[in-house]
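To keep things clear, I will list the structure first and then write my remarks on it.
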Number of protein chains: 2
Amino acid sequence: MTKALNVIQTLPLVSQLRSHCSSCNLRELCMPVEISSNDMQRINSLTQLKRGYARGDYLYRSGDPFHSLYAIRSGSFKTQVLHEDGREQVTGFQMTGEIIGMDAISTDVHTCDAVAMESSEVCALPFDQLETMSRELPSLQRHLHKIMSREIVRDQGIMLLLGSMRAEERLAAFLLNFSQRLAARGFSPTQFQLRMSRQEIGSYLGLKLETVSRAFSHFQDEGLISVKVRSIEILDMTRLQTLLKSSS
Amino acid sequence: MTKALNVIQTLPLVSQLRSHCSSCNLRELCMPVEISSNDMQRINSLTQLKRGYARGDYLYRSGDPFHSLYAIRSGSFKTQVLHEDGREQVTGFQMTGEIIGMDAISTDVHTCDAVAMESSEVCALPFDQLETMSRELPSLQRHLHKIMSREIVRDQGIMLLLGSMRAEERLAAFLLNFSQRLAARGFSPTQFQLRMSRQEIGSYLGLKLETVSRAFSHFQDEGLISVKVRSIEILDMTRLQTLLKSSS
DNA sequence: GCGGAGGTTTGATATATGTCAAAATACGGG
DNA sequence: CCCGTATTTTGACATATATCAAACCTCCGC
């Protein structure tokens, strides 16, 4: 019983999105603008190149030559940068429906690693084709720009988080961000699975894993969330949000 | 004597770049690609809208509607985001020749403030015109994408800095970054003025001003740099770089 | 040149988070 | 189902940076 439920909760994005967007891999890329079905077809013709990845597989590595952006069709990835001295930092977690790979446009070489956090499928979007096509389809062009800009804004938010928030605020921000992104895709914003380890969360938030764990425990003690290792349930969304807005 | 020297050091960017780029405000935007002088002329026609700003003036504020990117023609700006609770964080320092305003493309509304750190001039680049024109000029399109991507990569570097570096490493990274950007524009990479306060540097680096000050002092004691409040001279570039590469 | 204000440096102390270590729990293969 | 391994939790302690406070510059207007 509980086991079956767990399985359902474990794969929410995968199954639902796969059916919902079967011929529309570019949900993220195309959703917010009006595109004629004719044009849409052209855009979708870009998405021929599908590939599957197992947990731990690299979608690309730092230093790889750039040719495509990737639309995540199912599963999820993390991106990380490696420091010369061996330290590595997670710079983002990408879920189904998001676009990944924009770091490489400026240099034609990827500047970070992208690693699958579970079995995942992506569509490669050859960037020169995207550029060519967006010259003819202003709405695609506009949207491409928006996606890139959104990435910039996202990064700014993380800078704020890393630069001026304390451990528990960071974790609250992290959870709420996850919650929002799930909600935006039609999933439960209060119950979800984390695909990444405490250590990865810590790396992303600029904290050590022990600190992350303690913060989780504390939130649970306070009745804000219920944690069972990687299963999260948000019990008091409002109070979690308050944590962010009031500085102390 | 010393006074005269100071003045010269104080305004290196302003005077030199102004003469060097008098009719080429879009150095940053156009430099790395081959553009015919005919096209170049068209692109420069975009740059009609020049405006001056005094120290402390806002180029734009968070919430302002978006219509233009800005090429900084002279002077320098800082960008900052404001948290609900009043905390604010500097997200970047932009110098002459750089492009600012890309945060707003995704939402059509600016998501941060941009404030002049000295008397500055900018060219407004109406974004819809940039888009239109880049549909016809692939090299401009490509370059626009590169600039946006560079912003993403830059942010990733700061995330690394904020997430996994210690105070002195952060300051070293900051100084070296400045040095590089100056060098890229033909200025002395070892002697320069900082336009921002210790508090602003601290905000950018996720540190308190006292910590920044102490780190400066320590670098000076170690013979790495010579600091005279806002005048910096890098004495031992190599050792400063080493600070970054060896985790300590 | 003087005086005041804002910015900077330096010192003493507090605190959040890191570090090290061990126990508890989850997970995967046989 | 059980065992071995990896992850997570919890605890005790160390430390980098924040905080608070005072003295010191520097710049600017008078």
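Model, not experiment: these values are computed from the prediction. Throughout, a chain's letter reflects where its sequence line sits, starting with A, and its residues are numbered from 1.
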TODO: Taking the side chain as every heavy atom from C-beta outward, state whether A/Q220 and A/S226 have any pair of such atoms under 4.5 Å apart.
DONE: yes
Open item on the list: Filter on salt bridge (Lys or Arg N to Asp or Glu O under 4.0 Å), then keep only pairs touching residues 229-243 of chain A, sequence neighbours left out; what's left?
Closed with: A/D236-A/R239
Open item on the list: Judged by each residue's nearest nucleotide on DNA chain C, which is more toward the 5′ side, B/S217 or A/A167?
Closed with: B/S217
Please write out the pairs of protein N or O atoms and N or O atoms of nucleotides 6-8 of chain C separated by less than 3.5 Å, giving the distance to one decimal.
{"from": "C/dG7", "atom 1": "O3'", "to": "B/R230", "atom 2": "NH2", "distance (Å)": "3.4"}
{"from": "C/dT8", "atom 1": "OP1", "to": "B/R230", "atom 2": "NE", "distance (Å)": "3.2"}
{"from": "C/dT8", "atom 1": "OP1", "to": "B/R230", "atom 2": "NH2", "distance (Å)": "3.3"}
{"from": "C/dT8", "atom 1": "OP2", "to": "B/R198", "atom 2": "N", "distance (Å)": "3.0"}

Task: Atom pair distance, as rounded to whole Å: CG in A/L205 and P in C/dT17 - done: 12 Å
Open item on the list: Please report the distance, rounded to the nearest Å, between CZ in A/R195 and P in C/dA26.
Closed with: 18 Å
Open item on the list: Within the 4.0 Å heavy-atom criterion, would you say A/G206 contacts the bases, only the backbone, or no part of the nucleic acid?
Closed with: sugar-phosphate
Task: Nucleotide C/dA14, atom P - distance to CZ of A/R166 in whole Å - done: 18 Å
- [ ] Quickly work out the A/K228 NZ to C/dA24 C1' distance and round it to whole Å.
- [x] 14 Å
TODO: Nearest-nucleotide wise, let me know which of B/V227 and A/E210 is further upstream toward the 5' end of DNA chain C.
DONE: B/V227
Open item on the list: Using whole Å, what does the distance between atom P of nucleotide C/dT17 and atom CG of A/L171 come to?
Closed with: 12 Å
Task: A/R61 to A/Y58 six-membered ring, cation-pi geometry met (6.0 Å, 45°) - done: yes
Open item on the list: For the residue pair B/Q193 / B/S231, report whether a side-chain donor-acceptor contact shorter than 3.5 Å exists.
Closed with: yes
Task: Whole angstrom value for the distance that separates P of C/dT25 from CD of A/Q220 - done: 13 Å
Task: Test: B/R51 and B/E121 ion pair at under 4.0 Å - done: no
TODO: Give a yes-or-no answer on whether the side chains of A/E168 and A/H218 include a donor-acceptor pair shorter than 3.5 Å.
DONE: yes
Open item on the list: Nearest whole Å is fine: how far is D/dA16 P from A/K208 NZ?
Closed with: 13 Å
Open item on the list: Distance to the ring centre below 6.0 angstrom and angle to the axis at most 45 degrees; does that hold for A/R181 and A/F178?
Closed with: yes
- [ ] Report yes or no: is there a donor-acceptor pair, N or O only, under 3.5 Å between the side chain of A/R214 and the base of D/dG11?
- [x] yes
Open item on the list: Taking only side-chain N and O atoms of A/T211, does any of them lie within less than 4.0 angstrom of OP1 or OP2 on C/dA16?
Closed with: no
Open item on the list: In this structure, how many angstroms lie between the C1' atom of D/dA16 and the CE atom of B/M165, rounded?
Closed with: 15 Å
